Amino acid sequence: MESFLSAMVPVGNPAGGQSLLGTIKIAVLPIAKVFTMCFLGFLMASKYVNILPASGRKLLNGLVFSLLLPCLIFSQLGQAVTLEKMLEWWFIPMNVVLGSISGSIIGFVVASIVRPPYPFFKFSIIQIGIGNIGNVPLVLIAALCRDTSNPFGDSEKCSTDGTAYISFGQWVGAIILYTYVFNMLAPPPEGTFYIEDANLPLKSPAKDAPLEQVPLLLQEDAPEELDALKRGKIKQFLVFLHFKLNLKQILQPPIIASILAMFLGAIPFLKRLIFTTDAPLFFFTDSCIILGEAMIPCILLALGGNLIDGPGSSKLGFRTTAAIIFGRLVLVPPVGLGIVTLADKLGFLPAGDKMFKFVLLLQHTMPTSVLSGAVANLRGCGREAAAVLFWVHIFATISMAGWIVLYLNLLF
């Protein structure tokens, strides 16, 4: 496909001046690469090949999430970030927050019109409002920058800057995911999303239930812990934050890698000690770079393999599923474009940094967050989340190409 498009479309100045067909080539090729690797993962997981079964995909996902993605974030963000740049990049986490707010408002409007089956109203809002600001943008940036004809110039600088910008916003996304999303996806008063199954026990006991009727496994606070909480207001406040904000859930390996990279990169002495090419500890950073390069193919193979299960037995119905796809891929990006354009007009964005603006736009264009599907699975509506993720990612291959064409034309 790349040779066909290259033959049909003459490539002009990498920094700009592309024809419409040239811009389409630049936008479509990364999507084509992503689709190809996902298809190979789908093929490896199919019953005809079956070398990537469900257990293998689970292990591969765990490897990516716990090692490869943190290594990529640590090496790329640590090399790019400084204290001055962190202050300059303040709008990246703000953009994630604004995107979640605007997306949720759109989700509320769409859900109010479509009226999804009970109790999936809040679920529909989350599936529209929370996009993938980590894995998929990293894959797209890597595929785009790999092409020497990319409009952002030098491939290495393009990849380093793009990865740093995306990684810098992930910690905010994790906080939103494990606070706002976690609470929005709470089961209904019946205790389960599948109301017809009356034999299922309640996931949480009634507040006025006698103590002897409360299952032991649901008692998060032992008497000794309760006594400890009363010893001081500061400790009580910290414990309150721990349970209320789900700090253990928030501090996942990619977030820890982001925080560590920002801390080390912001201190000049530590940055020279670890991240510069002649640093005495650069061997550690170089090892992380090597491991991080494996993240993209591994996560795409796993994502493609996960699609082998199909949409599953969802209770959302065609109308609600189609509304979620339309809301996430068609209605959310224009609002995001308006937010980024307004921020640029107000002088909130670094002048002349087109990659910075491109990453901000991508954050509003991505399909539904895969991690929101994990939270949904934890809260008891995993089948519906799997169905939405399946269809949204299928249609996102088309929508993302169209939006990227528009963004490149606006930027260049």
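Heads up: numbering here begins at 1 and tracks the sequence. Here the structure is a predicted model, which is why all the values come from computation and not from measurement.
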Next on the checklist: Given 3.5 Å as the limit, does a donor-acceptor pair link the side chain of N183 with the main chain of A186, or not?
Outcome noted: no
Item to check | Counterpart residues, side chain to side chain contact (heavy atoms under 4.5 Å, CB included), relative to L291 (two or more places apart) | outcome: L67, L68, C71
Checklist entry - Between F358 and F152, does the ring centroid distance fall short of 6.0 Å? => result yes
Checklist entry - If you measure from SG on C158 to NZ on K354, what distance do you get to the nearest 0.5 Å? => result 13.5 Å
Item to check | Residues, nucleotides or ligands: over 12 heavy atoms within 6.0 Å of K122 NZ | outcome: no
Checklist entry - Is the F284 to F74 ring centre distance short of 6.0 Å? => result yes
Checklist entry - Is there a donor-acceptor contact under 3.5 Å from the side chain of T397 to the main chain of I394? => result yes
Checklist entry - Does S159 reach the main-chain N or O of S155 with its side chain, forming a donor-acceptor pair under 3.5 Å? => result no
Checklist entry - Does atom OH of Y180 have more than 12 heavy-atom neighbours, drawn from other residues, nucleotides or ligands, at distances under 6.0 Å? => result yes
Checklist entry - Is a side-chain donor or acceptor of N409 paired with a backbone partner of V405 at a separation under 3.5 angstrom? => result yes
Checklist entry - Any salt bridge (Lys or Arg N to Asp or Glu O under 4.0 Å) pairs touching residues 66-89, not counting sequence neighbours? => result none
Next on the checklist: Given 3.5 Å as the limit, does a donor-acceptor pair link the side chain of S75 with the main chain of L72, or not?
Outcome noted: yes
Checklist entry - Side chains of V172 and I176: does their closest heavy-atom pair fall under 4.5 Å? => result yes
Item to check | Min side-chain heavy-atom separation Q127-R328 under 4.5 Å | outcome: no
Item to check | Polar side-chain atom of T341 near backbone of G338 as donor-acceptor pair, under 3.5 Å | outcome: no
Next on the checklist: Is it the case that over 12 heavy atoms from other parts of the model lie below 6.0 angstrom from the CZ atom of F121?
Outcome noted: yes
